[in-house]
Amino acid sequence: MTEYNHREIEKKWQKFWEDNQTYKTKIDPSKPKYYVLDMFPYPSGAGLHVGHPLGYIASDIISRYKRLKGFNVLHPMGFDSFGLPAEQYAIQTGQHPAITTEQNINTFISQLKNIGFSYDWSRKIRTSDPNYYKWTQWIFMQLFNHYYDRTADKALPISHLVEQFAQGGSAAVNAVCDEDITEFSAEEWKAMSEKEQQLVLLKYRFTFPEESYVNWCPGLGTVLSNDEVKDGVSERGGFPVERKLMKQWAMRITAYADRLLNGLDTIDWPEPLKEQQRNWIGRSQGASVKFAVEGQDKLIEVFTTRVDTIYGVSFMVLAPEHEWATELTTADQQADVEAYIKWAASRSEVDRMAEKKVSGVFTGSYCINPFSGEKVPIYLADYVLAGYGTGAVMGVPSGDQRDWNFATNFGLPIIPILDTQKDTDQQADNTKEGHYINSGIINGMTYQEATDTLIKWLEERKLGKGKVQYRLRNAVFSRQRYWGEPVPAYFKDGVPYLIDEADLPLELPKIDKYLPTETGEPPLGRAEGWKYKGEYDYELSTMPGWAGSSWYWYRYMDPQNNEAFASKEAIDYWQRIDFYLGGSEHATGHLLYSRFWNKFLKDLGLVPHEEFAAKLVNQGMIQGVSEFAYCLKKESFIFKETLKGKELVIPTLHGEEGIITLTDEIQELFFSADMIDELKRKYPSFEFYVQRLPVNHIVNNEANIGNMIFRNSFRYRDSIFVVKNGWWNAGGANPEFSNSDLKAAKFLTYSEVEKMSKSKLNVINPDDIVEKYGADTLRMYEMFLGPLTDAKPWNTNGISGTSNFLRKFWRLFFEDQTGKSKLVDAEPTADELKVLHRTIKRVEEDIERYSFNTVVSTFMIGVNELSDLKCHKKAILKEMVILLSPYAPHITEELWTEALKYPKGTLSAVKYPEGKSHPEAKFPVFEPKYLVESSFEYPIQINGKVRANIAFPVDMSKEDIEQGVLANDTVQKWLEGKAPKKVVVVPKRIVNVVL
RNA sequence: GCGGGCGUGGCGAAAUUGGUAGACGUACCAGACUUAGGAUCUGGCGCUGCAAGGCAUGGGGGUUCGAGUCCCUCCGCCCGCACCA
């Protein structure tokens with residue numbers, strides 16, 4: 001082999017790893033375990049783009065590094081293969097989603113293998129595989145069969161609940177349940193029919209069907225969970241979402257609200273992500289207060305975080321959807337109220353958020369403030385949300401700006417309640433400082449005294465209590481789709497029952513079309529004769545996407561097991577994820593649901609940890625650079641030819657007219673950058689007449705025209721365009737172009753950084769990079785781009801640097817032309833050892849703190865220095881090979897076997913599954929001997945007091961400093977330039993500075 | 001509005017604890033070699049200045065012998081949450 005040929009080498013070693021099952025992992029109690037996991041991808045039809053591998057490369061480096069450190073590493077990969085795109089493709093083409101999914105998975109696998117990941121592919125899983133979703137269904141059944149017992153503070157079997165009901169009725173039970181539970185005695189329980197009992201139990205089960213308002217997305221024909229809705233439209237597809245009352249399965253995640261919150265303090269996850277989860281759970285401490293309705297036997301309960309402001313209440317507001325809204329309406333207000341409710345219901349989430357105007361309507365009824373006994377009017381207003389708290393709010397205009405706005409609008413009194421409140425007739429003041437006024441029993445008290453007094457008063461009279469409210473709501477668990485896990489439940493007499501465990505998996509039936517039925521039932525309604533025991537109707541909706549991903553890390557531990565989701569032995573050994581890597585977009589979806597299911601499984605004693613992933617890192621997104629040009633919209637087409645070279649009259653949106661002189665720069669409908677700026681500045685509405693046209697640029701950002709090379713250019717409709725604000729050829733300056741081909745180059749495009757996606761024509765396929773530069777270069781370059789956690793645009797410009805580095809490394813081993821080995825057996829010099837040891841130290845430290853980009857720099861520096869030293873010594877280079885192997889596994893395997901002539905496959909410890917590894921094949925151990933000379937840290941004394949430590953440069957000798965001689969003039973210069981006048985170096989490593 | 005983060009050369013970025021700011025890589029300039037190439041090697045490259053030097057980490061102020069790093073303030077950018085009572 002003469003030159004570094006990445007194509008040959010990578011093919012060879014990938015085949016070797018596959019043939020030898022190099023990365024197959026087994027339980028090995030003699031070694032410490034380490035579990036590295038990537039969030040598994042949805043296998044979309046578009047295949048991988050360069051953004052996907054970023055995290056995979058980092059986790060692969062961690063895996064290979066940990067293996068070299070002697071850990072038994074579990075590093076699997078699989079596919080979250082249920083999902084919408086495959087189903088929509090099925091609707092369009094009639095092809096079964098399983099087929100599409102299978103094809104996509106194969107594409108993904110081959111792309112992943114191209115990059116040389118050390119996955120144990122024998123542990124591959126797919127959530128859409130019946131052998132996998134059997135266990136998703138099994139966990140669902142456990143959820144159905146358990147409830148949350150507050151006394152035990154954990155999940156317990158429903159059978160335990162039934163026993164307690166039989167013994168002491170509902171009073172005997174302290175459990176998480178629906179709000180609308182009615183009390184019953186043990187005798188009443190026993191007297192209930194089977195159906196009645198089941199309906200009661202549903203109010204306790206972790207998963208249960210219920211009528212509830214859901215986010216219905218007509219565009220997708222399904223419901224969405226809160227985290228799948230962004231700004232009132234669906235996250236996927238951007239279709240409008242409306243609120244609709246539907247029968248849905250729900251998951252009682254709220255039972256774990258406190259544990260989900262507290263658990264965050266025990267895990268090493270990014271702080272912003274934890275904060276997002278805390279917000280999502282939204283714990284707020286306050287009180288509930290019951291207001292009696294005048295003339296009716298009703299108590300309106302409100303939740304407030306400021307019960308201390310109770311004497312400032314001047315009105316009561318209910319959400320328009322509140323169940324008592326109509327009952328509280330008096331006859332003369334009926335028309336107004338009905339109109340308001342109707343109007344409020346018609347408004348979408350988006351309207352509601354966009355419109356800040358105060359709206360509301362008086363019901364005609366009044367309620368009584370339990371403290372003051374005062375009568376306050378009851379309103380309906382859509383600033384109160386039906387879904388949070390009780391759907392009712394006490395209005396305190398002096399202390400809350402929204403209440404203030406409402407009160408001002410409807411002419412309601414504003415009562416100041418603290419002596420420190422200012423200008424409450426101008427705006428609300430939410431201060432907690434000062435002493436209460438106008439406030440009955442709390443007059444003169446401070447905030448904490450007042451709150452305690454009021455809550456005590458309420459609790460004594462059973463008119464309220466201290467209460468903790470969560471923003472977190474139960475998760476909707478039904479999707480009206482085909483391509484998901486069937487729910488293993490059937491209905492008898494309107495009550496849901498689980499199918500027999502022996503009947504798992506409940507497989508997806510074949511259907512002829514993938515659309516909902518004519519009657520509006522989910523696609524599974526089309527399955528002919530699909531009934532449990534031929535008799536009972538199955539649940540027709542399927543599970544949401546997050547079901548299969550909420551426990552998958554356990555399946556990798558024991559993927560083929562047919563008796564359990566994973567054997568006890570496997571779970572006991574692998575425990576949990578040590579290093580989990582994925583995008584932050586899963587903060588309130590996958591990562592919250594997974595924590596919930598894991599806690600549930602922990603309560604059942606099936607898994608050992610309360611939290612499933614000890615460490616989590618969010619990799620930043622690699623964005624695409626979208627090139628686009630502006631052109632006139634079709635409607636504006638007439639301007640092009642007729643008005644070229646003339647003063648162009650541009651009509652604007654608002655009817656006025658503008659004039660601009662068009663030059664030759666307008667051709668082919670495109671506008672130059674200068675023109676766009678000018679037009680935009682002059683005519684703000686100009687944008688209305690132009691459209692953004694995405695253009696596909698040439699892969700390597702170069703184009704050949706005649707004998708000139710243009711970089712950063714793109715091709716569109718056979719014309720070459722030069723990107724951004726200028727163009728140049730190899731010569732640099734702006735030449736005049738006479739060639740007619742080049743005229744188009746005068747048109748400049750814009751570029752924007754945005755998410756990589758097929759529709760934006762900005763996708764870079766890693767296969768192309770691998771083909772051109774090799775997988776090792778891709779791996780190193782992606783790490784070199786910047787900190788792992790930062791979002792960054794893909795930019796191929798710098799890739800030659802890492803490519804050159806690998807070639808340079810190669811040349812340390814071989815003669816360029818002859819292919820002869822350059823390696824020698826001579827003893828390394830101190831300089832050579834210094835380079836090696838410094839590299840080892842930095843690489844180790846940087847990998848441990850996940851600073852993958854600086855590791856690449858360290859390699860480059862090391863190799864440059866070894867080149868300068870003309871160091872071709874085996875003793876040095878074999879350690880460099882091991883050191884580099886996590887980053888560039890192919891070239892290092894090749895160099896090891898070819899140049900270092902060790903037996904094949906001794907590079908990494910994992911090659912010897914029987915536990916034997918070559919003595920040399922360990923990660924090099926840091927040997928401080930040669931590092932001492934690279935830098936010193938000395939404490940520096942100023943006027944007798946140690947003020948700082950100084951790191952002295954490499955080329956200053958230890959003796960010089962200790963003898964008080966400053967040999968190095970850089971240090972001297974630096975110190976003299978600053979405040980100290982004289983520097984004295986004293987023995988015992990103290991530098992004494994005299995001012 | 002609330003919460004979190006960030007701001008360093010033409011560009012991506014280093015600087016682990018307050019201690020020579022800009023490592024490393026790109027891009028660019030000059031040169032060497034030459035089988036003319038998108039190869040390799042050498043030198044240069046924050047700004048300013050002939051130089052010595054001076055000025056530089058968004059602006060201003062502070063603490064310190066010493067600040068990219070800590071504190072205050074203003075400006076700008078990004079992310080998350082948002083009628084949550």
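These numbers were taken from a predicted model, which means no experiment stands behind them.
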(request) Please check the phosphate of B:U40 (OP1 and OP2 only) for any side-chain N or O of A:R807 closer than 4.0 Å. (result) yes

(message) Is the phosphate of B:G80 approached by A:R278 (side-chain N or O, under 4.0 Å from OP1 or OP2)?
(response) no

(request) Report the residue (A:Y388 or A:E275) whose heavy-atom-nearest nucleotide on RNA chain B is the more 5′ of the two. (result) A:E275

(request) For A:P272 and for A:D400, locate the closest nucleotide of RNA chain B by heavy-atom distance; then report the residue assigned to the nucleotide nearer the 5' terminus. (result) A:P272

(request) Can you label the angle between the A:Y340 ring and the A:W343 ring as parallel, tilted or perpendicular, going by 30° and 60°? (result) tilted

(request) Return the orientation label for the A:Y887 and A:F852 ring planes: parallel under 30°, perpendicular over 60°, tilted otherwise. (result) tilted

In whole angstroms, how far is the [atom2] atom of [N] from the [atom1] atom of [X]?
X: A:N279; N: B:C81; atom1: CG; atom2: P; value: 8 Å
X: A:Y887; N: B:C24; atom1: OH; atom2: P; value: 18 Å
X: A:I799; N: B:U26; atom1: CD1; atom2: P; value: 12 Å
X: A:R842; N: B:A15; atom1: CZ; atom2: P; value: 11 Å
X: A:R471; N: B:C83; atom1: CZ; atom2: P; value: 8 Å
X: A:Y470; N: B:A85; atom1: OH; atom2: P; value: 14 Å
X: A:Y773; N: B:U26; atom1: OH; atom2: C1'; value: 12 Å
X: A:L806; N: B:A39; atom1: CG; atom2: P; value: 16 Å

(message) What stems show up for RNA chain B when you take Watson-Crick pairs (N1-N3 plus N6-O4 or O6-N4) and G-U wobbles (N1-O2, O6-N3), both under 3.5 Å, and require three or more consecutive pairs?
(response) B:1-7 with B:75-81, B:10-12 with B:24-26, B:28-32 with B:40-44, B:46-48 with B:53-55, B:58-62 with B:70-74

Test side chain to side chain donor-acceptor pair (under 3.5 Å) applied to [X] - qualifying residues, sequence neighbours left out:
X: A:D403; result: A:Y383
X: A:R471; result: none
X: A:Y447; result: none

side-chain contact (heavy atoms from CB on, under 4.5 Å) involving [X] - partner list, sequence neighbours excluded:
X: A:N405; value: A:V358, A:Q401
X: A:L261; value: A:R278, A:I281, A:R283
X: A:N369; value: A:F291, A:I310, A:V313, A:F371, A:S372
X: A:S284; value: A:F303, A:T305, A:Y388, A:Q469

For [N] and [M], measure between their [atom1] atoms and round to the nearest Å.
N: B:A13; M: B:U63; atom1: C1'; result: 30 Å
N: B:A15; M: B:A82; atom1: P; result: 35 Å
N: B:C47; M: B:A56; atom1: C1'; result: 7 Å
N: B:G59; M: B:G9; atom1: P; result: 10 Å
N: B:A32; M: B:C24; atom1: C1'; result: 25 Å
N: B:A21; M: B:U26; atom1: P; result: 25 Å
N: B:U20; M: B:U57; atom1: C1'; result: 15 Å
N: B:A14; M: B:C75; atom1: P; result: 28 Å

(message) Tell me whether A:H872 contacts the main-chain N or O of A:R811 through its side chain, where contact means a donor paired with an acceptor under 3.5 Å.
(response) no

(message) Between A:N430 and A:G399 (side chain of the first, backbone of the second, donor and acceptor by atom type, cut-off under 3.5 Å), is there such a pair?
(response) no

(request) Mind checking the CE-OG1 spacing from A:M860 to A:T839? Nearest 0.5 Å is all I need. (result) 13.0 Å

State which of [options] makes the closest approach to the side chain of [X].
X: A:Y383; options: B:U26, B:C83, B:C24; answer: B:C83
X: A:N804; options: B:A23, B:U40, B:A85; answer: B:U40
X: A:S800; options: B:A85, B:U26, B:C83; answer: B:U26

(message) For a quick check, with a 4.0 angstrom heavy-atom cut-off, what is the B/S/- contact string for nucleotides 5-14 of chain B, read 5' to 3'?
(response) -------BSS

(request) Scan for salt bridge (Lys or Arg N to Asp or Glu O under 4.0 Å) pairs involving residues 796-810 of chain A, sequence neighbours excluded, and state none if there are none. (result) none

Show each protein N/O and nucleotides 41-43 of chain B N/O combination with a separation under 3.5 Å, one pair to a line.
unit_1	atom_1	unit_2	atom_2	d
B:C41	OP1	A:R811	NH2	3.4

(request) Only counting residues at least two apart or in another chain, list the ones meeting ring-ring contact (aromatic ring centres under 6.0 Å, His included) with A:Y470. (result) none

(message) Under 4.0 Å, heavy atoms only, any strand: does A:N864 hit a base, just the sugar-phosphate, or nothing?
(response) sugar-phosphate

(request) Report which part of the nucleic acid A:E845 touches: base, sugar-phosphate, or nothing (heavy-atom distance under 4.0 Å, all strands). (result) base

(request) Would you mind calling B:G68 syn or anti? Take O4'-C1'-N9-C4 for purines or O4'-C1'-N1-C2 for pyrimidines, and syn is within 90° of 0. (result) anti

